[in-house]
J.: 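Let me give you the structure first, and then I'll get to my questions.
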Amino acid sequence: MSRTPFIAGNWKMHKTVDEAEQFIAGLLPRVSTADGVDVALCVPYTALAAMVDSTRGSRVEVYAQNMHFAEQGAYTGEVSAAMLAELDVHGVVLGHSERRELFAETDKALALKVPAALEAGLKVILCVGETEEERERGDMQRKLRHQIQEGLEKVPTERLGDVVIAYEPIWAIGTGLVATPEQAQEAVSFCRDLVADRSKEQAERTRILYGGSMKPDNAGELIALPDVDGGLIGGASLDPQPFSAIVAAAA
Ligand code: PEP
């Protein structure tokens, strides 16, 4: 089965609305002719409404970077899936390693967030990945198994293929270190096998991205790997030029 390549930028806590508007004005003309690739930007909450407006009718979709699993309630500072959907936000990236490490995001919470997002009509990118220490002591597969099995646990089998998985080795995020093609292919195909344990058919549909210091000069090789269906891009998504070059490499 052929899967449409997917390039998603993760701005993290970067860009005011004004800066986001300048970025979009630079990006849209650069990606308008890139065929056969889906493009998304995961932007701060404060820029969501403006970015949904500015990208309407374009190929660029707008994602949030987190949400709460509850429909509503006494959760000061949190945002629900319905609140994102009301803004016409297309999706949400969940379980980024920075949320797991710095904000104590757990697999248990993700097991509730992923189905809550899907039920609200949002697309989901679920991030997984091991630390350098876990890789060195041979625990990569155990970590990925936990993260994927729990994150997808409450997703109905027929919807498994709707969840995009981003394999992001933590040692490669923002460090300039990139997984070798062999390391990326091995981990990503292991992620696909984990989905296949629930459904082979859905595993064929599942798009799995690589993330970790992806740049224009290494994107082509990584995206060409048999099981890698695109990239989740941090640093190189902050400027339209490198980001559009990665989109072009995937197109
Ligand atoms: C990320 O934050 O998901 C990421 C992959 O960052 P970078 O591309 O900067 O390594």
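Both counts, for ligands and for their atoms, begin at 1 and track the order of listing.
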J.: With the side chain counted from C-beta on, respond yes when Asp162 and Arg205 share a heavy-atom pair under 4.5 Å apart, and no when they do not.
T.: yes
J.: Would you say Thr180 and Glu221 make side-chain contact, with heavy atoms under 4.5 Å?
T.: no
J.: Show which atoms of ligand 1 fall inside a sub-4.0 Å distance from at least one heavy-atom site of Gly212.
T.: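 Per the distance check, 5 (C), 10 (O).
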J.: Starting from atom 8 (O) of ligand 1, which protein heavy atom do you reach first, and at what distance in Å?
T.: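 Nearest neighbour among protein heavy atoms for atom 8 (O) of ligand 1, to 0.1 Å: Gly234 N, 2.8 Å.
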J.: Ring-plane angle category for Tyr167 and Tyr210, please: parallel below 30°, perpendicular beyond 60°, tilted otherwise.
T.: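 Answer is tilted, since the angle falls between 30° and 60°.
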J.: Enumerate the atoms of ligand 1 whose separation from the nearest heavy atom of Glu168 is less than 4.0 angstrom.
T.: 1 (C), 3 (O), 4 (C), 5 (C)
J.: Does the residue Ser213 have a heavy-atom contact with ligand 1, meaning some pair of atoms that are separated by less than 4.0 Å?
T.: yes
J.: For Ser237, state whether at least one heavy atom is located under 4.0 Å from any atom of ligand 1.
T.: no
J.: With side chains defined as the heavy atoms from C-beta onward, is the minimum distance between Ile223 and Ile7 less than 4.5 Å?
T.: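 Of all side-chain heavy-atom pairs linking Ile7 with Ile223, at least one is under 4.5 Å.
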J.: Below 4.0 angstrom from a heavy atom of Lys12, which ligand 1 atoms are there? Numbered from 1 as shown, please.
T.: 1 (C), 2 (O), 6 (O)
J.: Within the 4.0 Å heavy-atom shell around Gly235, which atoms of ligand 1 are there?
T.: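 The list of qualifying atoms is 7 (P), 8 (O), 9 (O).
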J.: At less than 4.0 angstrom from any non-hydrogen atom of Ala172, what atoms of ligand 1 do you find?
T.: 10 (O)
J.: Taking 4.0 Å as the limit for heavy-atom contacts, which would you say applies to Ile173 with ligand 1: side chain only, backbone only, both, or neither?
T.: both
J.: Short list, please: which atoms of ligand 1 are under 4.0 Å from a heavy atom of Gly174?
T.: 7 (P), 9 (O), 10 (O)
J.: For Asn10, take its heavy atoms, then give the atoms of ligand 1 lying under 4.0 Å from any of them.
T.: 2 (O), 3 (O)
J.: Would you mind reporting whether His96 and Glu105 have side-chain heavy atoms less than 4.5 Å apart?
T.: no
J.: Less than 4.0 Å between a side-chain N and a carboxylate O, is that true for Glu204 and Lys200?
T.: no
J.: Indicate yes or no: does an N/O atom of Gly211 lie under 3.5 Å from an N/O atom of ligand 1?
T.: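 N/O-N/O distance under 3.5 Å: no.
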J.: Report the C-alpha distance between Lys143 and Glu130 in whole Å, list the side-chain angles of each, state the deciding distance to 0.1 Å, and finish with yes or no for salt bridge (Lys or Arg N to Asp or Glu O under 4.0 Å).
T.: CA-CA 6 Å; Lys143 177 82 173 287; Glu130 81 288 358; over 6 Å; no
J.: Look at atom 1 (C) of ligand 1 and say which protein heavy atom is nearest, naming residue and atom and giving the distance to 0.1 Å.
T.: His96 NE2, 3.3 Å
J.: Just so I know, are the side chains of Ile24 and Met51 near enough to count as touching, which here means a heavy-atom distance under 4.5 Å?
T.: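 They are in contact (side-chain heavy atoms under 4.5 Å apart), so the answer is yes.
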J.: With sequence neighbours excluded, what pairs up with His68 under the ring-ring contact (aromatic ring centres under 6.0 Å, His included) test?
T.: Tyr75
